[in-house]
Amino acid sequence: MSQHTRAYPTLRVTREDGVARVILDNPPVNVLDVALMADLRHLLTTLRDDGSVRVIVFESADPEFFIAHVDMSLVDAPHAFDELAAEVPDGVNVFQGLGELLRHQPQVTIVKLAGLARGGGAEFVAAADMAFAAIGRAGIGQIEALMGIVPGGGGTQYLAQRVGRNRALEVVLGADLYDAETAERYGWVNRAVPAGELDAVVDRLARNIAALPEGVIAAAKRALVPADLAQGLLREHDAWAGQIVRPAAERLIRGGLAHGAQTPAGERDLEGLLRGLA
């Protein structure tokens, strides 16, 4: 039987048979702003010690957008994340902290990618244990270079782990949107799935994992531990912090917002919008 849990302003959460289903709902395009990040951190922290939940599935209420990217309007509120930053461990910034929280979650975490995920959204996808992408609908990309910066929420490290250094450099510096089939071929997502089958594929996998005998999930996660990325995350933060203070980054971010970024119309071809500002 499905059970609704505590209401979060930007999330809809239900539980059924050991599976927590989390629907991201932060219109208009699910930007990763303070509210969404706070809700995700609170949810993951709350579920860590909940033995009744074995699998967490993330999807979006918006069929076009999973998580658009980090909120670009933070250029005018540089201290907006300070309160959340106080909660993250030493050695990671607030954006990396969310990825590392997800990456070390005791439950199995699965992303159902039916729309677009760029920047911080792509980092969230790569931090999850598994991701399945809808053919013809899903898109994923690290587009920070078009804003004059580099990924700063774990993206460089997660990419290198998943796709290798050469393809990680292609993704970061090419700053394009990748379709589901290419993301699968690169190893960025587990599998590209026909859009009409995505729900059934993910639901079957989540239910099968949740039904495994006691201890199997924990044993598998002990055997397949996430890579230690501590030094790489420090290098990434330094690289990001060195770029975000440059005038070009502010000009491109403000220009993007002025030309429609963070609206559905602007986000459909955010790469084209940002390239037009160069």
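Only heavy atoms go into these numbers, but all of them, side chains included; no hydrogens, no water, no symmetry mates.
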Filter on salt bridge (charged side-chain N to carboxylate O under 4.0 Å, His left out), then keep only pairs touching [range], sequence neighbours left out; what's left?
| range | answer |
| --- | --- |
| residues 240-256 | Asp76-Arg254, Glu250-Arg254 |
| residues 80-105 | Arg41-Glu87, Glu100-Arg103 |
| residues 266-278 | Glu64-Arg268, Arg118-Glu267, Arg118-Glu271, Asp176-Arg275 |

For Phe58 together with Phe66, are the ring centres under 6.0 Å from each other? no
Do you reckon [X] sits in the same ILVMFWY cluster as [Y], going by side-chain contacts under 4.5 Å, direct or chained?
| X | Y | value |
| --- | --- | --- |
| Val29 | Met72 | no |
| Val189 | Ile135 | no |
| Leu169 | Tyr178 | yes |
| Phe95 | Leu84 | yes |
| Leu113 | Leu32 | yes |

Would you say the side chain of [Y] lies within less than 4.5 Å of the side chain of [X], judging by non-hydrogen atoms?
| X | Y | result |
| --- | --- | --- |
| Asn93 | Val88 | no |
| Leu159 | Trp188 | yes |
| Val13 | Arg21 | no |
| Leu44 | Leu98 | yes |
| Phe65 | Pro264 | yes |
| Ile110 | Ile56 | no |
| Pro28 | Thr263 | no |
| Thr10 | Leu24 | no |

Look up atom [atom1] in [X] and atom [atom2] in [Y], then write down how far apart they are to the nearest 0.5 Å.
| X | Y | atom1 | atom2 | answer |
| --- | --- | --- | --- | --- |
| Ile140 | Leu177 | CD1 | CG | 9.0 Å |
| Ile23 | Arg12 | CD1 | CZ | 4.5 Å |
| Leu146 | Leu252 | CG | CG | 8.5 Å |
| Ile67 | Leu36 | CD1 | CG | 5.5 Å |
| Leu101 | Leu40 | CG | CG | 9.5 Å |
| Asp17 | Ser52 | CG | OG | 11.0 Å |

Using residues 121-133 as the side-chain source, report each donor-acceptor pair under 3.5 Å to any protein atom, sequence neighbours left out, with the distance given to one decimal.
residue	atom	partner	partner atom	Å
Glu123	OE2	Gly153	N	2.9
Glu123	OE2	Gly155	N	3.0
Asp129	OD2	Thr109	N	2.9
Asp129	OD2	Thr109	OG1	3.4
Asp129	OD2	Lys221	NZ	2.8

Can you list the steps and then say if Asp50 with Arg15 is a salt bridge (Lys or Arg N to Asp or Glu O under 4.0 Å)? CA-CA 12 Å; Asp50 189 337; Arg15 303 186 193 195; 2.4 Å; yes
[X] side-chain N/O to [Y] backbone N/O, donor-acceptor pair under 3.5 Å:
| X | Y | answer |
| --- | --- | --- |
| Gln243 | Ala249 | no |
| Glu144 | Ile149 | no |
| His237 | Leu233 | no |
| Gln262 | Leu257 | no |
| Thr46 | His42 | yes |

Which pair of non-hydrogen atoms, one from [X] and one from [Y], has the smallest distance, and what is that distance?
| X | Y | answer |
| --- | --- | --- |
| Leu277 | Gly255 | CD1-C, 3.5 Å |
| Ala168 | Val163 | N-CG2, 3.5 Å |
| Leu47 | Ala20 | CD1-CB, 4.4 Å |
| Val31 | Ala68 | CG1-CB, 4.2 Å |

Any chance you could lay out the side chain to side chain contact (heavy atoms under 4.5 Å, CB included) test for Met37 and Asp71, step after step, and finish with the verdict? CA-CA 10 Å; Met37 185 176 287; Asp71 185 1; over 6 Å; no
Any chance the side chains of [X] and [Y] put a donor and an acceptor closer than 3.5 Å?
| X | Y | result |
| --- | --- | --- |
| Asp62 | Ser60 | no |
| Tyr186 | Glu181 | no |
| Asn190 | Glu184 | no |

Apply the test side chain to side chain contact (heavy atoms under 4.5 Å, CB included) to residues Asp33 and Asn26: give CA-CA distance (whole Å), side-chain angles for both, the deciding distance (0.1 Å), then the verdict. CA-CA 9 Å; Asp33 57 11; Asn26 190 30; 3.1 Å; yes
Taking only Lys NZ, Arg NE, NH1 and NH2, and the carboxylate oxygens of Asp or Glu, determine whether Arg185 and Asp179 approach each other closer than 4.0 Å. no
List the residues meeting side-chain contact (heavy atoms from CB on, under 4.5 Å) with Ala210, not counting sequence neighbours, and say none if there are none. Val19, Arg54, Val55
For atom NE2 of His104, decide whether the heavy atoms of other residues, nucleotides or ligands shown that lie under 6.0 angstrom number more than 12. yes
Considering residues, nucleotides and ligands other than Arg162, do more than 12 of their heavy atoms fall under 6.0 Å from its CZ? yes
Begin from the C-alpha positions of Arg207 and Asp203 and carry the test side chain to side chain contact (heavy atoms under 4.5 Å, CB included) through to its verdict. CA-CA 6 Å; Arg207 288 178 179 274; Asp203 184 68; 3.0 Å; yes
Pair Ile244-Met147, side chain to side chain contact (heavy atoms under 4.5 Å, CB included): steps then yes or no: CA-CA 9 Å; Ile244 194 68; Met147 302 178 193; over 6 Å; no
If the condition is side chain to side chain donor-acceptor pair (under 3.5 Å), which residues does Glu236 pass it with, not counting sequence neighbours? Gln96, Thr156
